[in-house]
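Here is the structure we will look at, set down as structure tokens.
In listed order, ligands and their atoms are each counted from 1.
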Amino acid sequence: MITPVMPTYGRWDVAVDHGEGCWLYAQDGRKFLDFTSGIAVTGLGHCHPHLVEALTRQAGRLWHSSNLFRIPGQEQLARRLVENTFADTVFFGNSGAEACELALKVARKYQHDTGHPERYRIIGCDGSFHGRTFATLAAAGNEKYLEGFGPAMDGFDHVAFGNLNEMRAAVGGETAAMIVEPVQGEGGVRPASDDYLRGLRAIADEFGLLLIFDEVQCGMGRTGKLFAYEWSGVTPDIMAVAKALGGGFPIGACLASERAAVGMVPGTHGSTFGGNPLAVAAGNAVLDVMLEPGFFDHIQGVAKRFRGRLDELVKSYPTLFAELRGSGLLLGIRCIVPAGDIVTRLRENGLLTLTAGDNVLRLLPPLIVSDAEIGQAMDILHKVAREWSA
Ligand SMILES: *Cc1c(COP(=O)(O)O)cnc(C)c1O
């Protein structure tokens, strides 16, 4: 008999109860060090006091109004994102998939409104993930997720991630844009090189295409800067953001330059919930914390030390682990043994982690993680590795 909750997930046997900082507590009393961060969402940890305060205050004033009204908190959050990125304008939705979906729409509309209605195709990369809507599934082209859902939506081409020659060769007279994750998350924690991102920018400029970055997972501080693209200095024309933007409250955003958003006039897009007062209160509270002086320094420092210790671990167990990769606190260990089994063993020992494509063990600690907590995680990682090898 089907469960009341539609059984689309293989779930862990942990019934969550409450959380505090890096720690997640189950109803049965078990306590876990949460290095999943709700899949890169709770960047500030669970129940950060400033977020709790901001959200409860907003909950007593106004939850929702619809976008027929001016929403001051939304204007404020948009202004802050504009001030801190390449973008000139922001649309708020409720998820990463919606942010990516709009990024694709903005790119097509730009071409349509600037004299190239024939340019509608978007080039995506193998191993990417952009969400579970028809268009975002088609953009990523992952056969596993498309299977059984009928013909994939038309208008998408795919090339190998990291290969500029393939990307250049795939550009045709109908190409509108390219969509790329500066660090592939689900696909196996694979950072793009600065040269690759620079090359994409050059291709976009040469052929009149728009460059879309999907920073839904790697953005909002995860790599040690507010957005991952900042490391390379390469700016996109459009960017999708979500996950950690609301610290756990559902909110996504599509950022764009004024040039790219030329066609996005009244009536061209909408969302009932998108950017409602509660959601933007969460987003503003997250930015309050992230834009404090020293916040990114903390991430970069702790990430460097964590990486060093993971590097030792990987080298100590060459029969278990093949390679450490990632950026900032978006880290992956490509495993030789099944990564999913390592995740299970770690969980049994109190450390929550994830898998990613390419048999990778994915580590996403909250950005506020302390060196002491990194130490506790390392102890568990070493224990599991030792026991596995024995
Ligand atoms: C999670 C993710 C998405 C989809 O976000 P949802 O909120 O699940 O729709 C899109 N792109 C990337 C890179 C992601 O990691």
Side-chain angles (χ1 to χ4, degrees), residues 6 8-9 11 36-43 91-107 122-142 144-146 149 153 156 158 161-162 177-192 197 200 211-223 226-229 236 238-255 271 273-275 279 282-283 286 325-332 353-358 360 362-364 367:
M6 194 179 283
T8 62
Y9 283 95
R11 288 172 195 267
T36 70
S37 297
I39 316 188
V41 167
T42 49
F91 181 94
F92 293 103
N94 311 286
S95 68
E98 283 171 87
C100 290
E101 182 97 13
L102 177 56
L104 303 169
K105 286 182 71 176
V106 170
I122 316 259
I123 308 174
C125 290
D126 297 338
S128 22
F129 182 76
H130 302 301
R132 301 285 204 135
T133 64
F134 276 117
T136 54
L137 284 174
N142 184 333
K144 195 174 89 191
Y145 294 152
L146 283 160
F149 293 102
M153 205 180 141
F156 297 91
H158 300 97
F161 178 67
M178 301 169 276
I179 182 167
V180 173
E181 292 163 81
V183 185
Q184 284 194 342
E186 307 297 319
V189 189
R190 289 193 287 180
L197 298 181
L200 294 177
L211 180 58
I212 305 169
F213 283 166
D214 178 352
E215 291 226 18
V216 170
Q217 186 153 163
C218 63
M220 294 308 293
R222 186 47 60 188
T223 67
L226 186 58
F227 292 105
Y229 77 80
I238 308 171
M239 183 167 74
V241 179
K243 289 201 164 100
L245 176 58
F249 198 94
I251 178 170
C254 177
L255 284 63
S271 165
F273 292 126
V286 167
R325 59 202 199 188
S327 173
L329 288 176
L330 174 47
L331 291 164
T353 60
L354 297 161
T355 56
D358 205 16
V360 162
R362 183 168 35 146
L363 299 149
L364 297 168
L367 309 178

What pair of heavy atoms forms the shortest contact from Ala107 to Ile212, and how long is it? CB-CD1, 4.1 Å
Could you give the distance from OG (Ser128) to CG (Asp214), rounded to the nearest 0.5 Å? 8.5 Å
Over all heavy atoms of both residues, which pair between Ala139 and Phe156 is shortest? Give the atoms and the distance, please. CA-CD2, 3.5 Å
What distance do Asp358 atom CG and Arg325 atom CZ have between them, rounded to the nearest 0.5 Å? 4.5 Å
Between Tyr229 and Phe213, how do the two ring planes meet: parallel, tilted or perpendicular, split at 30° and 60°? tilted
Tell me, which residues have any heavy atom less than 4.0 Å from some atom of ligand 1? Ser95, Gly96, Ala97, Phe129, His130, Gly131, Glu181, Asp214, Val216, Gln217, Lys243
Quick one: CZ on Phe161 to CZ on Arg190, what's the gap to the nearest 0.5 Å? 6.5 Å
